[in-house]
Amino acid sequence: MEKNKKVLVVGSGGRCHAIVKALARSPQVGKIYCAPGNAGIAEDAECVSIGVEDVDALVEFARDNAIDLTVVGPEAALAKGLVDAMDAAGLKAFGPTKAAARIESSKEFAKQIMAKYNVPTAGYEAFDDFDKAWDYVRNRPLPAVIKYDGLAAGKGVVVATSYEEAEAALRDMLLDASFGKGRVVVEDFLDGPEFSFMCVVSGNKVYPLAVAQDHKRAFDGDKGPNTGGMGAYSPVPFVTEEIRSKALEEIIRRTADALVAEGVPFKGVLYGGLILTEEGPKVIEFNARFGDPETEVVLPRLESDIYELFDAAVEGRDCETRWSDDAYLGVVLASEGYPGKYVKGAEIRNLDKVNAEVYHMGTKREGDRLLTAGGRVLMVVGKGKTVAEANAAAKAEIEKIDCPSLFHRTDIGKASL
Ligand code: AMP
Ligand code: GLY
């Protein structure tokens, strides 16, 4: 096989870094560009300074550079119609169209699909009027699950344990419109451990990836606000083969088939954010893309060629994948204050001493100094034969990093240690 394929990865976070690293292992891939990338990605790919939502410039770049495949990371690019534009230009792109990506960008669309096709999930009501929403919520039991209906980087969900908190969340989303003008979905509260099941999907074809678990809350013990994700690991021992196969059939395949039946076939990563209830796995949310930080612990386990998988999905071909039994556990180092206001520009020292994979989420280089440049900054991923071993490896390496303005959780993977 010739190592001559050229790939463009769109995005700048840890997820993109992991995709870039996986592509670099492909026996077919000769050149990787990343738009816009970050300081860490620049060590593994050629970064080009085009923003993820600059659809025209990305299409032009792919055309001018004879890119064989564009892999779209972030939801914002999908929602802007980047894949539609690539398709229209006759360029191969891995990711869903804008219409299919609504499974993530519109909570209500996702809920309607699940209701119509009997995909297990929490019951819900949608509102755009504050008074009606508040009236509904205050007459129901707590906790109240309130979700902004639109893209809010994982932060538009409040699981309120008091009516004051629920009212404040509704006020914030509907009256103050802090994420933009929109609707909210109020859901039944589901109880159980959560896991992330990402599958590559191409119409009716489903190619499952390894299961992972994310940790969404900012602080240890699942305390504090929801974030984009503070750490993850894979495999997840409590997700038995029976549970996984039920989730695959009743959730992922059913949804892939539903989207075909609705005339919006899905191509890309369909990410099921699932919860294991007493009645079996149910959907908390769908994403239309790789999860961050799950990708950083799932893709290192992929032993087969990721380019072949992406290309097969774009072309609708069959493709077998192979997975290692090793465990990977990653801890996110985030800027003090995240997911609220945080400081940028703090220097990160001693990264060169770390003996583990480090994925850059929000960094930048200034001269020979590496600086923080985002809420989530780095993810350190340990490897081992078990989750406990991977955890010990990650912990030991994090200690070496010197940057006082970063914080991290110390209990990632606790349910599986
Ligand atoms: P989401 O962004 O929709 O994944 O929600 C963020 C987090 O809120 C999830 O990871 C869950 O911990 C929690 N959550 C969301 N929906 C529910 C629900 N219906 N029941 C219980 N917890 C939920
Ligand atoms: N880790 C959750 C997400 O990517 O949305």
Side-chain angles (χ1 to χ4, degrees), residues 11 13-16 18-19 73-76 78 101 103-108 110-111 114 120-125 137 140-161 165-166 169 173 179 184-198 209 211-219 221-234 236 268-279 281-299 330-332 334 339 359 361 375-376 379 409 412 415:
R15 159 182 57 206
C16 283
I19 295 170
E75 54 275 32
L78 298 168
I103 197 77
E104 168 168 7
S105 62
S106 165
K107 302 254 181 221
E108 207 183 352
K111 282 294 193 188
M114 288 188 267
T121 187
Y124 78 104
E125 291 283 336
V137 167
R140 285 166 43 97
L142 292 170
V145 181
I146 299 169
K147 300 187 176 185
Y148 174 72
D149 188 20
L151 294 178
K155 287 168 252 170
V157 175
V158 174
V159 181
T161 48
E165 202 189 337
M173 291 180 203
F179 300 106
V184 301
V185 166
V186 180
E187 281 188 13
D188 296 341
F189 176 76
L190 299 177
D191 205 11
E194 292 175 43
F195 62 101
S196 307
F197 192 14
M198 300 187 280
L209 307 183
V211 168
Q213 190 181 39
D214 182 16
H215 296 62
K216 288 241 170 78
R217 301 291 193 117
F219 310 127
D222 289 330
K223 300 270 181 350
N226 269 312
T227 69
M230 293 297 294
Y233 65 97
S234 175
V236 184
V269 174
L270 181 61
Y271 162 129
L274 311 184
I275 190 159
L276 185 56
T277 70
E278 282 178 357
E279 294 154 26
K282 294 191 178 183
V283 176
I284 296 254
E285 66 163 351
F286 278 121
N287 292 324
R289 50 164 177 87
F290 278 110
D292 197 353
E294 293 93 327
T295 304
E296 293 92 312
V297 295
V298 166
L299 292 188
V331 179
V332 171
Y359 295 92
M361 305 182 97
R376 293 187 295 175
M379 180 158 175
R409 281 183 61 162
I412 303 302

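For reference, positions follow the sequence shown, starting with 1. Order of appearance sets the numbers: ligands from 1, and atoms from 1 within every ligand.
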Check each atom of ligand 2 against the heavy atoms of [X] and keep those under 4.0 Å away; list them by number with element.
X: N287; answer: 3 (C), 5 (O)
X: D214; answer: 1 (N), 2 (C)
X: E294; answer: 1 (N), 2 (C)
X: G228; answer: 1 (N), 2 (C)
X: R289; answer: 3 (C), 4 (O), 5 (O)
X: G291; answer: 4 (O)

When rounded to the nearest 0.5 Å, the distance separating CZ of R15 from CG of L299 is 11.5 Å
Decide, yes or no, whether a salt bridge links K216 with E285 under the criterion of side-chain N to carboxylate O below 4.0 Å.
yes
N or O pair under 3.5 Å between L190 and ligand 1
yes
Is a side-chain donor-acceptor pair under 3.5 Å present for E294 with Y271?
yes
Side chain [X], main chain [Y], donor-acceptor under 3.5 Å:
X: E165; Y: A160; answer: no
X: D188; Y: G123; answer: yes
X: R376; Y: M361; answer: no
X: R289; Y: A76; answer: no

K107 heavy atom under 4.0 Å from ligand 1:
yes
Atom indices of ligand 1, in the order listed, that fall short of 4.0 Å to a heavy atom of K216
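Under 4.0 Å from K216, ligand 1 has these atoms: 4 (O), 10 (O).
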Distance under 4.0 Å to a non-hydrogen atom of V159: what atoms of ligand 1 satisfy this?
8 (O), 13 (C), 14 (N)
Nearest heavy atom to atom 2 (O) of ligand 1 wins, so pick from V157, V158, V145.
V157
Side chain, backbone, both or neither: which part of N226 comes within less than 4.0 Å of ligand 1 when only heavy atoms are counted?
side chain
A side-chain contact here means heavy atoms from C-beta on lying under 4.5 Å apart; do P293 and D214 qualify?
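In contact.
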Note: A288 and L78 closest approach over all heavy atoms is O-CD1, 3.3 Å
Non-hydrogen atom of P293 closer than 4.0 Å to ligand 2
yes
Applying a strict 4.0 Å limit to heavy atoms, is G229 in contact with ligand 2?
no
E75 contact mode with ligand 2 (heavy-atom cut-off under 4.0 Å)
neither
Should the proximity of K216 to ligand 2, defined as any heavy atom under 4.0 Å, be assigned to the side chain, the backbone, both, or neither?
side chain
Set of side-chain contact (heavy atoms from CB on, under 4.5 Å) partners for A18, sequence neighbours left out:
T295, E296, Y359
